[in-house]
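Worksheet: one structure, shown below.
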Amino acid sequence: MNDALRVALSDTGHTTESLAEQVGVDPKTVARWLTEGRIPHARHRLAAAEALRRDISDIWPDTSRRRDPIWFRPWQEIEREAVSLRSYQSVVLPGLLQTEAYARAVLAGGGLLARNDIERHLAARLARQGILNRDEPPQLTAVIDEAILRRPVGGRTTMHEQLQALVTTCTEPHVRVHVVPSTVGAYAGLNGPFVIANSHDHRVAGYLDNQLQGQVVSDLEDIAAMMAAWENVRGEALSHWQSVDLITEVAETWS
């Protein structure tokens with residue numbers, strides 16, 4: 001229950017129907033914001049806050065609590081506004097698809113972060129996953145290397161639960177996962193992970209990760225190179241449902 005939204009509706013005399021009409025969504029969508037605590041898309045948050053004469057942070061405070069590193073914030077804004085995300089990972093699962101235990105193990109690996117920093121980064125990563133549960137989630141297409149499924153991150157229990165959760169997520173209509181099988185030799189993905197985001201206004205941005213910090217790119221030549229790499233890794237991967245079968249099979253080896 002979003003009590004702040006309920007109070008704002010009462011104070012302004014709005015109903016779920018009238019707010020829905022003003023924001024441009026279905027009344028059932030506003031009802032989910034109210035009763036299920038769903039966080040709407042950024043443009044809908046803005047329109048609703050203006051209609052209710054409130055600050056966005058008064059109604060949806062979680063959207064303004066910044067736990068993420070400063071250098072990551074430009075990409076997080078792009079990710080939050082994206083209508084589609086194409087992600088390639090060769091070493092670990094995409095952050096948007098990680099369970100809490102798996103994410104904690106990834107962040108703790110190598111002993112490079114203090115405990116407080118691990119928990120801070122973990123909270124930010126899990127909060128990001130909310131974009132996949134909102135009313136208008138982006139279409140996420142993830143290509144991963146098979147080695148990810150077989151690397152014992154966090155131990156057998158963590159891997160079993162992670163892969164089972166991944167299989168469940170794959171049933172969502174806006175999530176597609178493709179696995180590049182270990183039988184594939186050299187391919188473009190060996191040069192490193194990347195993400196490509198498309199926005200409502202047809203802008204395209206890319207994200208490259210490294211040991212220090214990520215890099216957001218928008219130069220047309222850089223985007224073209226990333227698109228070419230994407231076509232290569234996607235072309236080497238199994239179909240979505242073939243990949244789900246493989247993930248299910250490997251999950252059983254961790255039980």
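In this chain, numbering begins with 1 at the start of the sequence shown. Since the model is a prediction, treat every value here as computed from it, not as a measurement.
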Carboxylate-amine/guanidinium proximity below 4.0 Å for Asp11 and Arg54: yes

Chi angles and distances behind the side-chain contact (heavy atoms from CB on, under 4.5 Å) call for Val106, Arg125: CA-CA 11 Å; Val106 169; Arg125 185 166 300 181; 4.0 Å; yes

Gln129 side-chain N/O to Gln98 backbone N/O, donor-acceptor pair under 3.5 Å: yes

Shared-cluster residues of Trp230, by chain and number - hydrophobic side chains joined below 4.5 Å: Tyr88, Val143, Val180, Val184, Tyr187, Leu190, Phe194, Ile196, Val204, Leu208, Val217, Ile223, Met226, Met227, Val233

Carboxylate-amine/guanidinium proximity below 4.0 Å for Arg80 and Glu77: yes

Mind listing the side-chain donor-acceptor pairs of residues 1-9 below 3.5 Å, one per line with the distance, residues two or more places apart or on another chain?
unit_1, atom_1, unit_2, atom_2, d
Asn2, OD1, Ala4, N, 3.2
Asn2, OD1, Leu5, N, 2.9
Asn2, ND2, Ile59, O, 3.3

Listed partners of Asp219 passing side chain to side chain donor-acceptor pair (under 3.5 Å), at least two apart: none

Lys28 with Asp26: basic N within carboxylate O range, under 4.0 Å: no

Expected output: side-chain His174 to main-chain Leu132 donor-acceptor under 3.5 Å: yes

Within residues 150-164 or reaching into it, pairs that qualify as salt bridge (Lys or Arg N to Asp or Glu O under 4.0 Å) - sequence neighbours excluded: Glu146-Arg150

Shared-cluster residues of Leu220, by chain and number - hydrophobic side chains joined below 4.5 Å: none

Pairs where residues 238-250 contributes a residue and the test side chain to side chain donor-acceptor pair (under 3.5 Å) is met, not counting sequence neighbours: Ser239-Gln242

